[in-house]
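To start, the structure under review is shown below, and the notes come after it.
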Amino acid sequence: MNYQTPRGTYDILPEDMDKWHDVERVIREETQLYRYNEIRTPYFESTNVFARENDSSDMVNKEMYTFNMGDGSYTLRPEGTAGVIRAFDQHKLYGSMEMPGRFYYMGAMFRHERPQKGRQRQFTQFGVENIGAKSPELDAETIALGCDIVKKMGISSVKVCINTLGDDASREAYREALKKHFAPHLDELCGDCHRRYEQNPLRILDCKVDHDLDCLKNAPKLSDYLNEESRTYFDRVLKALDALGIPYEIDERLVRGLDYYTHTVFEVVSTRPESGAQATIFAGGRYDHFVEYYGGPEMSGIGFAIGLERLISLAEEEGHNFGETAPLDAYVIGLGDVSDSVLQVTQQLRHEGLCAEGNLVPRSLKSQFKSADRKKADFIIIMGEDEVKNGTLNIKKSSEKEQKTIKQDELIETIHAWEGK
RNA sequence: GCGGUUGUGGUGAAGUUGGUUAACACACUGGAUUGUGGCUCCAGCACUCGUGGGUUCGAGUCCCAUCAAUCGCCCCA
């Protein structure tokens, strides 16, 4: 019999926990600076929260963990935005808080994909949503937050790619132009693109299969179909990024995988070759109709999500120094039948705010010293049956040879005096 | 969903055209030193080679299946 984690899932073992605590710390600090509020939504929702009509994305159509429990169909969340907007509408937060509502979330997401580097079936995302305000400067600020977090993790080899999808009128005009353009070339396109042609012709543009086709190269450009309002909006986003000193690249083919985006879309990618096929660090965009979709008022929002596994792995590649668990202040060695006294002394240290561990099982002196070394204990305290009888103990600093025999109640002051020396 | 590569102890790994007792190193445990660590020396540590079948007198080595990891495609964070 063989037990193991399901495919695409993994255990985060204690030895890797410093990295997670570090990235979580950075995220909480940064979101505090920007004054975002954490929101926690369920790990599963009614399937219809995610399975939106007319959505062409693979994530929604073939990668969801969906199950039936008699009273309905439920789905493990594949992304964070839908749940946040659903909660925003369900609790009518638009009526009780100042707009934009600024939310962040952090937790597991689930997608049934073939795992590879930077892609698991259960993975962790941090994301933010600004709901109920439409401002190009807010778009820029949102991107800036993501960039700040990436930078704080010591990741510098990044590129901000940005594009606009325009408003409904612009996109509709472009959509028609694209359909007209591709109609005579349909038989040159792949099967997926035939589906895209019907559901979301914009996505034909970032199809990787047919990238050499002439009909793709000379396809009409969205930028030619933007109306005045959409163009002005995008220009202001770019101007705000310039003002913040955030370099970017306009990528006209960037259309994003979720169908709900309007206006600004962006993707921040790693430029390191080792990051492989999963180079996207964070990505997101503006959505004009999501809030009303779930029953709320007409409100626009913008957000992004970061894959934390990718963030950590890139931080490692760039040599980021993750904080480490502090070494032990003291290790208490016991010889003979003195475990109760060892425990008492260890507790005494802890209650004084010192990080301490004591040996509570019968082991040789040598192995106990080895434990103290391994745990990088600053002080080593040795007590045997004689010391317990006399109310004394032996203490030495790991780095020094000198050992002192002191009264048990002098322990704390001895340590402080020795450290101050 | 498709294609490539890989799978030997706690870890890194040797393992010749299939041939008897699965190298070596690190780590770990014990001892030399029965109450003083970091060095050294000695000893111990894989009834078995991801799992299940098959071929063979004989399989870690060959074949099939399966699981997993990894890389690429698709997709995405």
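Sequence lines set the chain letters: A, B, ... in the order given, protein chains first and strands last, and positions in each chain run from 1.
Here B:A69 presents its P atom at 12 Å from CG of A:Asp11, a figure rounded to the nearest Å. Spacing between atom CZ of A:Arg119 and atom P of B:C76 amounts to 10 Å, rounded to whole angstrom units. Per the geometry, CZ belonging to A:Phe369 stands 9 Å off P belonging to B:U36, to the nearest Å. Remark: P of B:G1 and CD of A:Glu113 are 12 Å apart, rounded to the nearest angstrom.
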N/O to N/O distances under 3.5 Å, protein versus nucleotides 38-42 of chain B:
from  : atom 1 : to       : atom 2 : distance (Å)
B:G38 : N1     : A:Ser398 : O      : 3.1
B:G38 : N2     : A:Ser398 : O      : 3.4

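Residue A:Gly334 is classed as having no contact, given no heavy-atom separation below 4.0 Å to the nucleic acid. Residue contacts shown for A:Glu63 are limited to sugar-phosphate atoms, with no base heavy atom under 4.0 Å away. At a threshold of 4.0 angstrom between heavy atoms, the contacts of A:Arg363 with the nucleic acid are absent. Heavy atoms of A:Gly127 sit nowhere under 4.0 angstrom from any nucleic acid atom.
Place A:Lys62 and A:Glu267 on RNA chain B by their nearest nucleotides, and A:Lys62 ends up nearer the 5' end. Both A:Phe123 and A:Arg7 sit near RNA chain B, but only A:Arg7 has its closest nucleotide nearer the 5' end.
Between A:Arg236 and A:Glu137 a salt bridge is recorded (basic side-chain N to carboxylate O distance below 4.0 Å). A:Arg102 has a carboxylate O that lies under 4.0 Å from a charged side-chain N of A:Glu141, or vice versa, which qualifies the two as a salt bridge. A salt bridge does not link A:Lys151 to A:Asp148: none of the charged side-chain nitrogens sits closer than 4.0 Å to a carboxylate oxygen.
Taking atom P on both nucleotides, B:G35 is separated from B:C45 by 27 Å, rounded to a whole Å. B:G4 and B:U40: their C1' atoms are spaced 49 Å apart (whole Å). Comparing B:U70 with B:U34, their P atoms sit 49 Å apart, to the nearest whole Å. Taking atom C1' in both B:U29 and B:U20, one finds a spacing of 31 Å when rounded to whole Å. With P as the reference atom, B:G7 and B:U21 are 23 Å apart, rounded to whole Å.
Judged as a side-chain contact (heavy atoms from CB on, under 4.5 Å), and not counting sequence neighbours, the contacts of A:Glu63 are A:Asp58, A:Met59, A:Arg111, A:Glu113.
Shown here for A:Thr264 and A:Thr164, the closest heavy-atom pair between the two residues is N-OG1, 4.1 Å.
The aromatic rings of A:Phe290 and A:Tyr287 sit perpendicular to each other, their planes meeting at more than 60°, with 30° as the lower class boundary. Ring geometry for A:Tyr233 versus A:His263: interplanar angle of 30 to 60°, hence tilted.
Side chains of A:Leu76 and A:Phe67 form a contact here, defined as non-hydrogen atoms less than 4.5 Å apart. Looking only at side-chain heavy atoms (C-beta outward), A:Tyr105 and A:Thr41 stay at 4.5 Å or farther from each other.
When the nucleotides B:A77, B:G35, B:C73 are ranked by their closest atom to the side chain of A:Asn394, B:G35 comes out on top. For A:Arg114, the side-chain atoms get nearest to B:C2 when compared with the rest of B:C2, B:A77, B:G72.
Of the residues in residues 304-321 of chain A, A:Ala305, A:Gly307, A:Arg310 come within less than 4.0 Å of RNA chain B through at least one heavy atom, sorted by number.
Between the side chain of A:Arg111 and the base of B:A77, at least one donor-acceptor pair of N or O atoms lies under 3.5 Å.
When Watson-Crick and G-U wobble pairs are counted only if both distances are under 3.5 Å, B:C39 pairs with no nucleotide at all.
Within 6.0 Å of the CZ atom in A:Phe44, the count of heavy atoms belonging to other residues, nucleotides or ligands does not exceed 12.
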